[in-house]
Amino acid sequence: MKIISNPFELKEYLKNKNETVGFVPTMGALHEGHISLIKKAKEQNELVVVSVFLNPTQFLKGEDLDTYPKKDEADKHICKLSGVDILFFPKAEDIYGDDEVTINAPKVRGFVLEGNSRPSHFNGVLTVVMKLLNIVNPTRAYFGKKDAQQLNLISLMVKQLFMSVEIVAVDTVRESGGLALSSRNAYLSVHERQEALKISASLHSASMMVSKKILDSKEIVKKMREILSPLEIFYVEVLNRDFEQISHVEIGNTVILVEVKVGTTRLLDNIWL
Ligand code: PAF
């Protein structure tokens with residue numbers, strides 16, 4: 001596995017490769033969820049590039065940028081064992097300069113849900129993803145469905161800016177108890193981990209209601225909120241795949257999303273129906 005930290009060196013290295021390139025952008029602290037993205041990229045491409053970059057611009061003031069789990073050596077090891085060809089490991093100064101051109105998230109879809117409680121978060125995500133895609137110029141890029149709003153906005157950016165990369169959505173990986181894998185799970189105490197199971201339990205109950213033909217969004221949200229109580233709820237929403245509110249679940253076109261605070265940790269999850 002080749003490790004490159006300079007964007008220009010990586011661009012130069014990839015320039016004359018005539019192979020399909022699968023790209024998995026990450027912020028490090030890799031877990032099974034990331035490994036499943038890498039596996040998918042390996043299945044579908046000849047060359048796999050992973051980036052590990054803790055992007056400062058997607059954190060708001062007072063968020064966990066300084067405490068975000070950092071596991072550089074373990075990440076390198078995981079990438080090597082997973083058969084990654086190139087690990088891109090830049091520093092902030094390799095990616096950002098002064099007086100930057102930035103991408104603005106769309107004014108509606110970028111500022112609801114997570115974007116409502118974290119305004120400017122998606123500006124930072126879209127800007128760094130645009131930079132990374134321009135550096136790697138991949139055939140396909142892989143993102144987890146767990147970050148459904150991020151996935152939706154990146155797909156929108158690629159479409160609206162006429163970019164040619166294919167965005168591939170990969171299923172969420174869960175612990176045996178149902179908790180969706182996330183680097184931020186590392187913040188949870190044993191008790192909080194137990195509390196966090198309410199999130200997947202609420203989504204499970206939503207999918208059971210739908211399987212019993214209870215499709216009314218309000219009824220589903222009410223039941224989910226009961227299960228999540230007494231956790232602090234940022235949102236529970238039933239949306240279509242364009243992230244618009246719908247009064248009833250539309251099978252094949254619905255995503256049900258939850259974000260809650262467990263202790264001091266924000267956790268999000270969703271199901272696609
Ligand atoms: O999902 C993440 O880990 C990050 O938001 C991403 C896409 C790597 C951009 O920093």
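Order of listing sets the numbers, starting from 1, for every ligand and every atom in it.
- Taking 4.5 Å as the limit, some side-chain heavy atom of Ile135 sits within range of a side-chain heavy atom of Ile95.
- Residue, atom and distance of the protein heavy atom nearest to atom 3 (O) of ligand 1 are Met27 CG, 3.7 Å.
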Just do the salt bridge (Lys or Arg N to Asp or Glu O under 4.0 Å) check on Lys76 and Glu73 with the steps written out, would you?
CA-CA 5 Å; Lys76 285 179 194 165; Glu73 288 316 305; 3.4 Å; yes
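- Comparing His34, Lys146, His121, Gln150 by heavy-atom distance to atom 6 (C) of ligand 1, the nearest is Gln150.
- Through direct or relayed side-chain contacts under 4.5 Å between Ile, Leu, Val, Met, Phe, Trp and Tyr, Tyr68 connects to Met27, Leu54, Phe59, Leu65, Tyr187.
- Ranking protein heavy atoms by distance to atom 10 (O) of ligand 1, first place goes to Gln58 OE1, 2.6 Å.
- Of the heavy atoms in Ile154, none comes closer than 4.0 Å to ligand 1.
- Cluster partners of Ile35, using a side-chain heavy-atom cutoff of under 4.5 Å among ILVMFWY residues and allowing indirect links, are Leu30, Ile78.
- Summarising the geometry of Asn185 relative to Arg193, their closest heavy-atom pair is O-NH2, 3.5 Å, with the distance given to 0.1 Å.
- The atoms of ligand 1 that sit less than 4.0 Å from any heavy atom of Val128 are 9 (C), 10 (O).
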